[in-house]
Protein chains: 2
Amino acid sequence: MARAGLNPQVVVRAAAQLADEVGYEKLTLAALASRLGVALPSLYKHVRGADALAQKLSALAIAELADEMMTAAAGRSGGDALRAVAVAYRSYARRHPGRYPASQRVPDPADPEHLAAGERAVGIAYAMLQGYGIDGDAAVDAARMFRAAVHGFVALEATGGFGLPREVDRSFAQLIAALDVAFRSWPSAVAG
Amino acid sequence: MARAGLNPQVVVRAAAQLADEVGYEKLTLAALASRLGVALPSLYKHVRGADALAQKLSALAIAELADEMMTAAAGRSGGDALRAVAVAYRSYARRHPGRYPASQRVPDPADPEHLAAGERAVGIAYAMLQGYGIDGDAAVDAARMFRAAVHGFVALEATGGFGLPREVDRSFAQLIAALDVAFRSWPSAVAG
DNA sequence: TCGCTTAGCTAATGCCATTAGCCTCCTGGC
DNA sequence: GCCAGGAGGCTAATGGCATTAGCTAAGCGA
């Protein structure tokens with residue numbers, strides 16, 4: 001009965017890796033325990049249960065995603081920043097097909113780090129929009145547009161909602177270009 | 001042991017209603033059987049299993065959604081059509097919080113009606129874009145942009161990813177306006 | 001060194017999906 | 001009008017997963 005040396009962090013990281021391998025919906029405590037070489041109930045010494053694990057995984061993923069978005073945005077503004085952040089977002093979703101869906105879970109209000117990571121991601125969008133001269137209420141709308149378009153795209157791509165893979169890159173580039181057009185004329189769009 | 005009078009259509013319709021009530025992820029054969037007043041295994045006389053039920057539910061939902069989009073688009077073009085179709089799409093997703101996620105499942109290639117319904121929905125988008133003078137490869141990209149933005153928005157809205165409900169209507173109107181701007185200048189966006 | 005906390009374990013429970021096999025109702029052909 | 005068979009119910013059994021309870025041993029600290 002040698003100790004396996006687990007702790008909450010190790011468990012969550014293993015869950016993230018396993019989710020990326022088998023898919024978020026197939027991430028199961030049983031599979032995770034098997035991967036870690038322990039019996040299933042042993043996991044309860046480190047996480048409260050399946051739901052709590054999903055919550056912690058969400059916090060991990062959104063923090064990673066925010067970090068990569070921030071790195072992409074660094075030193076860029078306007079259309080450059082838009083493109084870099086959007087590409088980084090999609091790249092994360094593609095490299096981490098299990099973590100990404102996890103990140104979309106609504107943050108646990110009782111987890112300050114989770115909330116902070118979420119706000120960090122939103123903050124990057126606001127900063128990016130600032131470069132287009134968009135702020136205040138308009139920035140709320142524009143940030144939601146950005147999130148919706150990019151999340152929608154990667155979600156549809158992940159579920160195979162699109163056709164040939166080759167063309168998807170071009171479509172994403174067009175989406176970025178279209179967002180750029182929309183953001184550059186955002187104030188006039190308000191009148192529409 | 002009076003016959004319950006079930007058939008595949010009745011079962012799928014009941015599943016749709018139940019999904020809207022309890023949520024797609026909580027739609028379970030056990031709950032459905034209970035709702036229909038039969039024992040769980042009895043459902044297997046009408047559907048092959050949980051996965052097949054999800055598939056049939058997806059076909060039902062995408063057909064309904066396509067119908068509502070088509071009705072909204074009828075007699076409209078350009079920005080009017082865009083707005084009407086987008087509003088109809090979101091309206092369907094909000095009125096049918098269980099059916100809508102089901103509709104996002106990738107169609108069963110062996111189900112011609114399912115495929116047809118999916119293509120009908122995409123066709124509406126193409127027709128709408130025709131009103132902007134967008135066709136060919138550009139229409140593929142623009143249709144994906146439309147789908148991504150609208151799906152992303154309603155998905156984030158459904159999971160509570162946004163803040164106060166009041167402001168969400170305004171954000172959606174802005175999203176439609178932004179799409180209108182993007183589509184009106186789509187050819188120039190290609191260069192970007 | 002001794003004791004206590006803690007990280008493992010096994011056992012038991014309950015829910016769900018699925019399959020097998022039975023029984024009865026209804027219908028259709030004679 | 002009957003009876004044969006298909007179809008639509010059922011119960012029972014199996015297996016996977018999550019969760020809880022309670023036991024045991026490892027390792028740390030006094």
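Residue numbers begin at 1 in each chain, while the letters A, B, ... track the order of the sequences.
- Y44(A) places its OH atom 15 Å from the P atom of dG8(C), with the value rounded to the nearest Å.
- Between the CG atom of L43(B) and the P atom of dT11(D) there is a distance of 13 Å, rounded to whole Å.
- Residue-level contact check: A30(B) touches the backbone only, with heavy atoms under 4.0 Å from sugar-phosphate atoms and none from bases.
- Taking atom CG of L40(A) as the reference point, atom P of dG15(D) lies 18 Å away to the nearest angstrom.
- Going from atom NZ of K45(A) over to atom P of dT10(C) covers 14 Å, rounded to whole Å.
- The ring pair (Phe, Tyr, Trp, His ring centres under 6.0 Å) search around H46(A) returns none, not counting sequence neighbours.
- Expressed to the nearest 0.5 Å, how far CD1 of I62(A) lies from CZ of R105(A) amounts to 13.5 Å.
- The CZ-C1' distance, from R48(B) to dA17(C), rounds to 16 Å in whole Å.
- When heavy atoms are screened at a 4.0 angstrom cut-off, L6(B) is found touching the sugar-phosphate backbone but no base atom.
- Whole-Å rounding puts the N7(B) CG to dG8(D) P distance at 9 Å.
- Along DNA chain D, the nucleotide closest to T28(A) and the one closest to G37(B) are compared, and the more 5′ of them pairs with G37(B).
- For the side-chain hydrogen bond (donor to acceptor under 3.5 Å, both in side chains) with Y100(B), the qualifying choice from Y92(B), Y89(B), Y24(B) is Y89(B), the only one to do so.
- A salt bridge is absent between E64(B) and R95(B); no separation between the charged side-chain nitrogens and carboxylate oxygens falls under 4.0 Å.
- Per the geometry, CG belonging to L32(A) stands 18 Å off P belonging to dG16(D), to the nearest Å.
- Of the candidate nucleotides dC9(C), dA17(C), dA18(D), dC9(C) has the atom lying nearest to any side-chain atom of V38(A).
- Applying the 4.0 Å criterion to OP1 and OP2 of dG9(D), one finds that H46(B) has a side-chain N or O inside that range.
- Of the listed nucleotides (dG8(C), dA18(D), dG9(D)), dG9(D) has the atom at the smallest distance from the side chain of S42(B).
- Whole-Å rounding puts the K26(A) NZ to dC17(D) C1' distance at 15 Å.
- Taking CD of E21(A) as the start and CG of L27(A) as the end, the distance is 10.5 Å to the nearest 0.5 Å.
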